[in-house]
Undergrad: 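Next up is a structure, given as structure tokens.
Numbers restart at 1 for each chain; the letters A, B, ... are given by sequence-line order, proteins then strands.
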Protein chains: 2
Amino acid sequence: MNKFFQNKENHSSKKNRTRAAIIDGAIEVLAKKGFQNASIREMTEKAGIANGTFYNHYKDRRSIFDEVGKLIAIELTNAIEINEITTKDPAQKIINATTHFIKRSVQVKAWGNIFLEAYEEIPMIKKEVSRYLIRDIKNGIKKKLFKIKYDDFIVEQINVLILHAIRIQLKTGQDIKITNKTSNSILHLLNYQR
Amino acid sequence: MNKFFQNKENHSSKKNRTRAAIIDGAIEVLAKKGFQNASIREMTEKAGIANGTFYNHYKDRRSIFDEVGKLIAIELTNAIEINEITTKDPAQKIINATTHFIKRSVQVKAWGNIFLEAYEEIPMIKKEVSRYLIRDIKNGIKKKLFKIKYDDFIVEQINVLILHAIRIQLKTGQDIKITNKTSNSILHLLNYQR
DNA sequence: AATTAAATTGAGACTACTCTCATTTTAGTA
DNA sequence: TACTAAAATGAGAGTAGTCTCAATTTAATT
């Protein structure tokens, strides 16, 4: 089992270590079974703790899902931050961010799968992953590169295309062509003047 | 309860009438609870039949979901056929079909909700609802109206935008502006030369 | 009307969970 | 080391379903 969040808490309090174990267990089960079929029993089994312990830390399945979803959104957004490029071209920035976001989501399959399910369910996630996109779109519009008026709906449409690229690649394997086509379509939506 | 499919079978055999009752019941429950939480118990209650009767007609929840999903896809595609316009402009045809498809999906909420869930799950649905779209796209490319190469992936992207428009309107109410923005984005994806 | 075939019924055996709580164990502190 | 507060435990009560099958009812046929 991937102990990503446990490893972060190795030297933290017992409470935090147990929470992290639950989180890692939950990620495994949520990714494999989806929210509705992810039982708390199986999460605690994977985490190596007793069933009842779960309830010392979380109220129910929904609350662990919320926490896991947010943590994953933050980790995936990190992939954007870490790989940010120095160009001033907003189109380039968007393509770069999109590419790395998709790449990471597909490489860490459990994250990708949970992200797909959590995106519509947890409002904070939409915000978290849209930050850079919104900044670069507004910038591109100001520079007259994108011949559109700014509109939240177009941001959502772009997100939906990104989610689709992730979904496909989680199903049929990593494929840079899919990501490139997605980038291309995003620029079309933004009415990018080449 | 909406008895749409039962009404079609009013003068059919007992077997067909019972099946139709199960289908109508299942639609109600699937729309309200989603696939995973739609119990067969509740479906048969709504249908006004005994629990065990379900199993004379369907193997399990998945098999009724498949049938319902396909029936709904066909009904929604009907909304395209019925409203087809005579223009030869493929762009117009696509916008018209999209508009009516979204409208119907949003008006019959149960259908819209089930369609959203079934689209990725049941391959036949993707095919069924893409038929007209593919025809018009190919036509538009031939006429040099859409400056792209034909690609199944772009069809999927368009579908994904349509699904998104439906999802939003099921959540926040019918809104022609959302549909229009979606149509506009579809033409952008097709690189439509105005 | 009698017969047979088809369809329906619902009790109940199974399965699989959620969540609580009295008890035990562990960690941190004096 | 002894103490105490925090955390973990897991048995079990409660809930909610799936699916089967012997018995019954209904429909169709002769």
Side-chain angles (χ1 to χ4, degrees), chain A residues 1 3 5-69 114 117 121, chain B residues 1 3 5-69 114 117 121:
Chain A
M1 198 184 75
K3 300 199 172 180
F5 289 96
Q6 262 168 294
N7 290 339
K8 285 189 169 187
E9 303 293 338
N10 262 337
H11 305 290
S12 192
S13 66
K14 178 83 183 157
K15 186 170 185 170
N16 287 346
R17 278 181 283 133
T18 301
R19 278 181 84 97
I22 294 173
I23 289 167
D24 283 328
I27 287 175
E28 187 147 326
V29 183
L30 285 166
K32 195 175 70 189
K33 303 270 180 88
F35 174 68
Q36 291 296 353
N37 285 326
S39 77
I40 284 151
R41 270 250 144 74
E42 197 175 349
M43 290 178 198
T44 53
E45 258 168 44
K46 301 269 183 195
I49 59 169
N51 167 270
T53 303
F54 176 90
Y55 297 93
N56 295 334
H57 297 272
Y58 298 97
K59 187 173 148 284
D60 53 18
R61 176 172 37 218
R62 177 74 206 191
S63 73
I64 180 71
F65 178 65
D66 282 355
E67 172 134 355
V68 161
I114 294 170
E117 198 170 4
E121 287 293 319
Chain B
M1 198 184 74
K3 298 198 173 180
F5 289 97
Q6 260 168 294
N7 290 339
K8 286 190 171 189
E9 303 292 338
N10 261 338
H11 304 290
S12 192
S13 68
K14 179 87 185 157
K15 187 169 184 172
N16 287 346
R17 279 182 282 133
T18 302
R19 278 181 85 96
I22 294 172
I23 288 167
D24 284 329
I27 286 174
E28 187 147 325
V29 182
L30 285 166
K32 196 175 71 189
K33 303 271 179 86
F35 174 69
Q36 291 295 353
N37 285 326
S39 77
I40 285 151
R41 271 246 144 77
E42 197 174 349
M43 290 178 199
T44 53
E45 260 169 43
K46 302 267 182 196
I49 59 167
N51 168 268
T53 303
F54 176 89
Y55 297 94
N56 296 333
H57 298 272
Y58 298 97
K59 189 173 146 282
D60 53 17
R61 178 175 32 223
R62 176 73 206 191
S63 73
I64 181 70
F65 177 65
D66 282 355
E67 172 135 356
V68 161
I114 294 170
E117 199 171 3
E121 288 293 319

Undergrad: So if I define the base as every atom that isn't primed, P, OP1 or OP2, how would nucleotides 17-30 of chain D read as a B/S/- string at a heavy-atom cutoff under 4.0 Å?
TA: BBBB----------
Undergrad: Rounded to whole angstrom units, what separation is found between the OH atom of B:Y58 and the P atom of C:dA7?
TA: 13 Å
Undergrad: Centre of A:Y58's six-membered ring, under 6.0 Å away, within 45 degrees of the axis: is that where NZ or CZ of A:R19 sits?
TA: yes
Undergrad: Provide, to the nearest angstrom, the distance between the CG atom belonging to A:N16 and the P atom belonging to C:dG28.
TA: 11 Å
Undergrad: Tell me the interatomic distance from B:R19, atom CZ, to C:dT8, atom C1', rounded to whole angstroms.
TA: 15 Å
Undergrad: For A:I49 and D:dA7, what is the distance between atoms CD1 and P respectively, to the nearest whole Å?
TA: 13 Å
Undergrad: Sorted by first residue and then second, give each ring pair (Phe, Tyr, Trp, His ring centres under 6.0 Å) pair with at least one member in residues 8-38 of chain A; sequence neighbours left out.
TA: A:F35-A:F65
Undergrad: Where the side chain of A:T53 meets the backbone of A:I49, is there a donor-acceptor pair that is under 3.5 Å apart?
TA: no
Undergrad: Atom pairs, N/O to N/O, protein against nucleotides 4-6 of chain C, distance under 3.5 Å?
TA:
none

Undergrad: Please list, chain by chain and in numerical order, all residues satisfying salt bridge (Lys or Arg N to Asp or Glu O under 4.0 Å) with A:R62, sequence neighbours excluded.
TA: A:D66, A:E121
Undergrad: Keeping to residues at least two apart or across chains, list the salt bridge (Lys or Arg N to Asp or Glu O under 4.0 Å) pairs with something in residues 30-43 of chain B.
TA: B:K32-B:E42, B:K33-B:E42
Undergrad: Quick test of your reading: applying salt bridge (Lys or Arg N to Asp or Glu O under 4.0 Å), list the pairs with at least one residue in residues 43-59 of chain A, sequence neighbours left out, ordered by first then second residue.
TA: A:E28-A:K46
Undergrad: B:H57 side chain N/O closer than 4.0 Å to the phosphate oxygens (OP1, OP2) of C:dA7?
TA: no
Undergrad: Using a 3.5 Å distance criterion without hydrogens, assess whether the side chain of B:N16 forms a donor-acceptor pair with backbone atoms of B:E9.
TA: no
Undergrad: Can you give me the closest heavy-atom contact between A:A47 and A:A21, atom names plus distance?
TA: CB-O, 3.3 Å
Undergrad: To the nearest angstrom, how far is B:E45 atom CD from D:dA16 atom P?
TA: 12 Å
